[in-house]
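All heavy atoms count here, side chains included; hydrogens, waters and symmetry mates do not. Per chain, numbering begins at 1; letters A, B, ... match sequence-line order. Being a predicted model, the structure only gives us computed values, none of them experimental.
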Amino acid sequence: MNDYKFTSDVVIGLEIHMEIDTKTKLFCACSTKAKEPNTSTCEICLGFPGSKPVLNKKVIDYAIRMGLATKSNIAKELVFSRKNYFYPDMSKNYQITQYELPICEKGKIELSSGKVVNLTRIHIEEDPASLVHPSGMSSSSYVLVDYNRSGRPLLEMVTEPELNSSEEARDFMKQLVNILQYLKIFDINEGIIKADVNISVKESGYKRVEIKNVSGFKEIERAVEYEIERQKEAVEKGEDIVLETRLWDSEKGITKHMRLKESESDYGYILDPDLVITDITSDWVKEVEENLPELPIERAKRYVKELKINGEDAKVLTLDYELSEFFDAVAKKVNPITAAKWVRRELPRVLNYNNLEFHDIKFTSDHFSDILELLEAKKITDNVAKKILERLCEKGDFDVKDYVKSEGLEAVADSGALEGIIKQVIDANPKAIEEYKGGKEQSLNFLVGQVMRQTRGAASAPEVIELIKKLVN
Amino acid sequence: MKISEYIKKVQNKEIDIVSYTKEVLEKIKKLNEEYDCLIEISEELALKQAEKISKDPKGKLAGVFVSVKDSICVKDVNSTGGSRILEGYKPPFNATAVQNCVDEGAIIIGKTSQDEFGFGAFSVNVGVEYKIPKNPIDKTRATGGSSGGAACITALADFPHISLGESTGGSIVNPGSFCGVLALCPTYGRVSRYGLIDYGNSLDKVGPIGKTAEDVAIGMETIASYDKKDSTSIDKEIPNYLEKLNSNINGMKIGLIKESLDSGTDKNVKDVFNKQIEFLKSKGAVVEEVSLKKAIDYGIAAYYVIGTSEASTNLAKYCGMRYGKEDELKGTFNEYFTNVRSKYLGDEAKRRIMLGTFTRTSGYRDAYYIKAMKIRTLIIDEYKKAFEKFDVLISPTTPMIAPRFDEIEKMTPLQHYMADVLTVGPNLAGLPHINIPIETETMPVGFMVTGNHFD
């Protein structure tokens, strides 16, 4: 990493810890899902004298998946080491991790801009227990230890310092979570993903500051933004940037000094002699590859081939795993081409307007397909459909079909009923009729607007225009 | 009575096992007062098992009394690795080797004394305020170590008995040699380490100690097993050790380790040993010299670097939080555990923690830990080459007879370590080796036979 010749304004590197979604822990049969403190522990994850770790091979499968999806070099051997330090969250006072030979090296992740970020390594390690400070970290007179987390599997990813803005850092995290979800190795609701962010700016001569334990895309963006400004301002004021580790205070939106980074800690690594060195054979990798869940590129191809939607739509829809899953569900119920159009175009428009992210929405794909089903059956118009969608974004969960009925939004497909309404409008607006007859097109628009108002958008505009023209003449 | 005859009698209900167990327990209590070979006598557990066997006398070891080195976990019985810091640790599980014995009808009588966590060759490096076991032949002498209590009680027992010892660098055969009993250290991976309180995990092995070859064979057959709970356990068919006891040695090719009879070995040991070689030759064995220079010259250094590197990480958990004695909560976490470890770990444990921490510290790691690992590979290669030519390798087990306590007091730590010079080789290479005692008019001498892996 020291060989880099930095030139950009800001240099960011990430170290990310991802909790991998397996049923059992890395070295024992305890469940990873327990919630009540200290209910999922055994002699192994508690480190009892005499107990020995036994590797959960599923974690290796998942790590290989990750390696394949990031085009990493996958190690030929699986080697675990002991990282030694005394800390109350570690029952053994060492952590089983990988040191000299990580399972993956030299991978890549592509940002949505197309920029490729290189990965130094990805390795497997066990999570320590969690420390619980009953009344906050600074004021608790004691600490509780919950060993449910002790021994849960983690992947740690280290990127090269190739990110150059807070937006890129955020986008990187987003792409990473996307890959994890496609690979089905991460539980988006329960899983924890945290980043340590290394940031330096040109003004300071790229003096590196680390921010510990930032979780969430928005948080990373905020923390990085703040830290860049802080460093630039400090340099401007003539202050020195020191090599240090800082903490992100999400509530106040600031980073705070935690400790100086005088030298790298010495963890006295040795090979873990309780675990044998295991060959990662090419057959093993091949088997994982054959069972790899569908990745974005294959999914896009499937959309084009099986669902007959156009290539561009397919590409956009598969970029985001959750959006793609949402589309899949909708496309099972309505015409996939209609589904693609609405999921790709209308949904993002409404979300944008409301300043929402896709994963913020409170309605399900069923709500969405209800709207499209009504639309396909011509029971509602495009306009009404858009309005219901907007309402769903604002209010969240309600029954679309009931709502359409109770609000009388059903399309006035019956032209007899529509004619009646139009006649009323014509009778009520003699002046506009005169003007229209005199050639004023705006007056026609006014009349259409009146009809739409009375039908609450439930009529189709072209049909209304046609009928007005017919009735007036 | 041969152990096999005794087992048959128990199985046929010809022995009142409950009252016999009571008798044996009384005996060992008396012996222990004199020799301090047991840290704990598991009377309750023994009687419970005796009751069970009296009703259902089944198993390969039906009614056999088994003592267990303190570092091997016995469920609900204090298992402290001979260390004060673990005082009161009652594991909620049996070590696999112990479980195998219990399943075969053995009666566990107690935990044998040892050097703290296995750190020694004389069982004098016992835990803080623990007692030092005395040699069964001469109480002014050491039992050897670190499985000293195990060899001692084995020599003293006049009842059917097997002891489970543990060896990292020679801790089974060394006390076997000093106390004059048969002691077998199996191939690494043959007996599960599950439930063994770790010293150097890549070196630790559990093995049987007995008075006769039959005792050891029957013990070995019981404890050997493939165990999924120990990743280093090896899935390989277990031979019938008993059947092999009367094998002929006519034509057997024996390699005499040349360096083992160099100046470092006492003259009296050499003399007794050489007489045995003549005996072997008279039985038709072909004895030739073989040089194992790397094992003898670099074995000690490599062993102490690897062993202490691993040990210093294993012992980190004894900090007074989850494991290790609790003490007054004072100061920071670092201050707290420093105080606990200072108070409850013995001098040799501290020495090895410091040594092992140093040898893996960055800057020194390559020069010590990594280099020692490389030497270990070279030593394995050297043995493998010797086994291309020889069926077994022989040497004295220890370069001396059991030393007196006053002699030990004068030794430097390095002289202590040199007691392992002949045993660290097979231990580093994970090779099976056995101590065969040779009786003399004074103290016994150990005759060590080393075999190829799984022989």
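- In this structure, CG on D230(B) lies 7.5 Å from CG on D274(A), to the nearest 0.5 angstrom.
- When atom types are taken as modelled, the side chain of K92(A) and the backbone of N314(B) share no donor-acceptor pair closer than 3.5 angstrom.
- Only the side chain of L86(B) comes within less than 4.5 Å of a heavy atom in chain A; its backbone stays farther off.
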Show, in sequence, the C-alpha distance, side-chain angles and deciding distance for N84(A) and R360(B), and conclude whether the side-chain contact (heavy atoms from CB on, under 4.5 Å) test is met. CA-CA 10 Å; N84(A) 303 281; R360(B) 58 184 168 80; 3.3 Å; yes

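- Taking the ring centroids of F86(A) and F333(B), they lie at or beyond the 6.0 Å cut-off.
- Between chain A and the residues G195(B), S309(B), C73(B), S79(B), the largest count of heavy-atom pairs under 4.5 Å involves G195(B).
- For chain A, no part of Y364(B) is nearby; none of its heavy atoms comes within less than 4.5 Å.
- For the pair R193(B) and P273(A), the tightest heavy-atom approach, listed with the atom from each and the gap, is NH2-O, 3.9 Å.
- Residue Y85(A) does not touch chain B at all, counting heavy-atom pairs closer than 4.5 Å.
- When each of T278(A), L46(A), L55(A), V54(A) is scored by its heavy-atom pairs under 4.5 Å with chain B, the top score falls to L46(A).
- Crowding of K33(A) atom NZ: a count of heavy atoms from other residues, nucleotides or ligands under 6.0 Å exceeding 12.
- Of the possible polar contacts, one joining the S231(B) side chain to the P53(A) backbone as a donor-acceptor pair under 3.5 Å is found.
- Atom CG of N334(B) sits about 10.0 Å away from atom OH of Y87(A), to the nearest 0.5 Å.
- The candidate with the highest count of non-hydrogen atom pairs below 4.5 Å against chain B, out of I44(A), V276(A), D272(A), is V276(A).
- Between F48(A) and Y323(B), the ring planes lie perpendicular to each other; the angle is over 60°, past the 30° to 60° tilted range.
- By the neighbour-count criterion of 12 heavy atoms within 6.0 Å, atom OH of Y336(B) is densely surrounded, having more than that number from other residues, nucleotides or ligands.
- Interface remark: of the candidates G47(A), C28(A), S91(A), S51(A), G47(A) forms the most heavy-atom pairs closer than 4.5 Å to chain B.
- Around NZ of K350(B), the count of heavy atoms belonging to other residues, nucleotides or ligands within 6.0 Å exceeds 12.
- At a cut-off of 3.5 Å, with distance as the only test, no side-chain donor of N93(A) or R322(B) sits close to an acceptor on the other residue.
- Residue D204(B): no heavy atom, backbone or side chain, is found under 4.5 Å from chain A.
- Remark: side-chain polar atoms of K52(A) are paired, donor with acceptor, to backbone N or O of L196(B) under 3.5 angstrom.
- The CG atom of N201(B) sits 7.5 Å away from the CD1 atom of I270(A) when rounded to the nearest 0.5 Å.
- With a threshold of 4.5 angstrom between heavy atoms, L329(B) does not approach chain A through any atom at all.
- Taking a 6.0 Å sphere around NZ of K371(B), one finds it holds 12 or fewer heavy atoms contributed by other residues, nucleotides or ligands.
- Although no hydrogens or angles enter the test, the distance criterion places no donor-acceptor pair under 3.5 Å between the side chain of R365(B) and the main chain of G268(A).
- Within a 6.0 Å radius of CD in E100(A), other residues, nucleotides and ligands contribute more than 12 heavy atoms.
- F358(B) does not touch chain A: none of its heavy atoms, backbone or side chain, sits under 4.5 Å away.
- Atom OH in Y269(A) sits 10.5 Å away from atom OG in S362(B) (nearest 0.5 Å).
- For Y147(A), the part sitting under 4.5 Å from any heavy atom of chain B is the side chain, from C-beta outward, and nothing else.
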